[in-house]
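Contents: one structure, followed by commentary.
The structure displayed is predicted, hence computed values, not measured ones. The chains referred to below are lettered A, B, ... by the order of the sequence lines, with proteins before strands, and numbering in each begins at 1.
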Amino acid sequence: MSDQSLELKGSLFPLSVLSCADLSVSSLSQQLRQKLAQAPAFFYQAPIILNLADVQQAPDFHAIKQLFTELKLVLVGVCGASSELKQQAQQAGLAALQLAKDSKTAVTASSNTRQTAVVTSTVNVPMDSKIIEQTVRSGQQVYAKGADLIVKGTVGAGAEVIADGNIHIYGTLRGKAIAGAGGDSTKRIFCYNLQAELVSIAGNYWLSDSLQGDFWGKPACIKLQDDQLVLAELA
Amino acid sequence: MAKIIVVTSGKGGVGKTTSSAAIGTGLALKGKKTVIIDFDIGLRNLDLIMGCERRVVYDFVNVINGEANLKQTLIKDKRIENLFILPASQTRDKDALTKEGVERVLNELAKDFDFILCDSPAGIEAGAMMALYFADEAVVVTNPEVSSVRDSDRILGMLASKSRRAEQGLDAIKEHLLLTRYNPERVEKGEMLSVEDVKEILSIDLLGVIPESQAVLNASNSGQPVILDKDSDAGQAYLDTVDRLLGEKVPFRFLTVEKKGLLKRIFGG
C-alpha cells in the first residue's frame with residue numbers, strides 16, 4: 001500500500017472572474033442570464049470568482065451562491081475583497097483569493113507611464129530599427145521590440161526573427177519571420193530570397209508549404225490584406 | 001602565443017575526432033608544436049585514433065583537479081616530433097570540467113605550444129561549450145546532408161554568442177568549414193548536398209573538402225591518423241586543409257567525379 005494516498009499540490013487554473021458594480025441579486029440575475037444566453041454551453045458549470053474590488057457594501061453571499069447554482073455556475077470564491085468582506089465571504093463558504101491582477105495592474109500602469117515618457121521624448125521620430133549585421137543562425141532568436149528589424153545576412157533554418165515593426169532580410173530567409181508581433185497588421189516582411197519555415201504578420205501565419213510557388217527562392221514581400229497574407233514581388 | 005582551435009560540429013559522427021587527429025598531426029608535420037586535447041570526457045576516442053590508448057596514465061580531468069601535472073599527463077606521439085595528446089577521462093562525465101580549470105590548463109599549454117586543438121564532443125551542452133569557449137578559431141566539421149548542416153549552423157551561432165571572444169567583445173572567432181565524407185558521385189546524382197549548397201547555407205569560408213574514403217576507416221582502426229596515409233585521397237585532402245589553415249592558397253581537389261580512363265575502364269581501377 002502506498003503511504004501517499006493524500007497529496008496536496010499547488011497548481012494554476014484558468015478561472016473566470018466576474019466583475020459587476022451592482023451585486024444585488026435581482027440585477028445580477030438579470031445581467032447574468034443575458035450574458036449566459038449568448039453562450040450557454042461555454043459557461044456550463046464554469047468555476048467563477050467574484051471580484052469585489054469595487055464593492056463597498058457586503059452583498060448577500062448566500063443568495064448569490066444560490067443564484068449561481070440555479071444558473072449552472074459554480075461560485076468558487078471572491079477576490080479583491082476588503083478584510084471585512086473577505087470574512088463574510090468566508091463565512092458563506094467561499095474561498096478568498098488574492099487578486100493577482102492587483103499587482104499586474106500596478107505594473108501595467110507604471111510601464112504605461114514609462115512608455116508615455118518615451119513617446120513624448122521621441123515625438124516626430126519614426127519607428128526605431130534594429131540592425132543585425134551578420135547571419136542569424138539556427139537556434140538564435142532576435143526580437144526587435146517596438147522597432148523594425150533589418151538583417152544584413154541570412155536567417156538560417158531553425159532561427160527566428162521577430163519584430164513589432166517590419167522585417168527586412170537582405171539574405172535568404174530560411175527560418176521563421178514574425179512581423180507586427182505587437183498586433184500591427186500593417187507591418188510587412190521583405191526578404192531577398194524566400195525559403196521560410198514560417199512567416200507571420202500580426203498573428204496570421206503561413207508555413208513553408210503555403211509559400212511554395214512563384215516566389216519560392218525569389219525576392220518577395222509579404223503583407224496582410226483583408227486578414228489574408230499576400231505575397232508580392234519585390235519591385 | 002598559441003592559437004587555440006576548436007574542432008566542432010554539433011552533430012555526432014561527422015568526423016570531428018578523425019579531423020582533429022589529422023589536422024593536429026598535419027600541423028606537427030609542418031613543424032608546429034601541437035597538442036590535441038580530447039574534450040569528450042566519458043567517451044574517450046582520440047587516443048584510439050592516434051594509436052596511443054595503451055599509454056594513457058593520467059587524463060585531462062586529473063590535470064584540472066591537480067592530481068597530476070601536464071608533464072606527466074601529455075602523451076608524446078611516437079611517430080612525429082612536436083605532437084602531443086591530452087587524453088580525456090573515460091570514467092568521469094562532462095561536468096568534471098570547470099571553466100577556471102580549463103582556462104588554467106590552456107594558459108599553461110599556451111606557453112610552449114604553437115597550436116592547441118580542442119576536439120569537441122557532439123551536442124551543444126556543457127562539454128561542447130567548454131571546448132569552444134576559449135577558441136581563437138573554429139573548424140566546423142560538416143557532412144553534406146541537411147541535418148549536419150543545420151547542426152553546424154547552430155554551433156556557428158554558439159561560437160558567435162557563447163564564446164569568450166563573444167562575451168568579452170573581442171574579435172569574433174575565425175570560422176572555417178570542413179566538409180567531410182564528400183562523395184562527388186552522389187552529389188552529381190543529387191543525393192548529397194554540393195560544396196556550393198553547404199557554403200551558401202552556412203556562409204563561412206571553406207577550409208577543406210575531405211572525400212568519403214575507405215582510407216579513413218582503415219586509419220582509425222589501425223590508430224594511424226589518415227593524414228599519414230599520403231597516397232590516399234583523404235590523406236592528401238587533409239594535407240591541403242592544413243596548408244590552408246596555415247594561410248597558404250591551395251586549390252581544392254576531389255570535388256568532381258574522377259573520369260575513368262580507357263585502360264582503367266577495361267582493367268578496372
>> Taking atom OH as the centre, does A:Tyr143 end up with more than 12 heavy-atom neighbours from other residues, nucleotides or ligands that are less than 6.0 angstrom away?
In response: yes
> If you draw a 6.0 Å radius around CD in B:Glu248, do more than 12 non-hydrogen atoms from other residues or ligands fall strictly inside?
Replying inline: yes
> Highest number of heavy-atom pairs under 4.5 Å with chain B: which of A:Gly171, A:Gly158, A:Ala159, A:Gly139?
Replying inline: A:Gly139
>> Under a 3.5 Å distance rule, please check whether A:Arg137 uses its side chain to pair with a backbone N or O of B:Ser152 as donor and acceptor.
In response: no
>> Just so I understand: if I count every heavy-atom pair under 4.5 Å between each of B:Ile155, B:Leu202, B:Asp151 and chain A, which residue has the most?
In response: B:Leu202
> Say you draw a straight line from CZ of B:Arg150 to CZ of A:Arg174; how long is it, rounded to the nearest 0.5 Å?
Replying inline: 10.5 Å
>> Could you check whether atom OH of A:Tyr192 has more than 12 heavy atoms from other residues, nucleotides or ligands sitting under 6.0 Å from it?
In response: no
> Listed by chain and number, what are the ring pair (Phe, Tyr, Trp, His ring centres under 6.0 Å) partners of B:Phe60, not counting sequence neighbours?
Replying inline: B:Phe39
> Atom OG1 in A:Thr135, atom CG in B:Asp153: separation rounded to 0.5 Å?
Replying inline: 8.0 Å
>> For a quick test of reading the model, state the closest non-hydrogen atom pair linking A:Gln140 to B:Gly157 and the distance between them.
In response: NE2-O, 3.2 Å
> Quick check: are there more than 12 heavy atoms from other residues, nucleotides or ligands sitting under 6.0 Å from CD of B:Glu185?
Replying inline: no
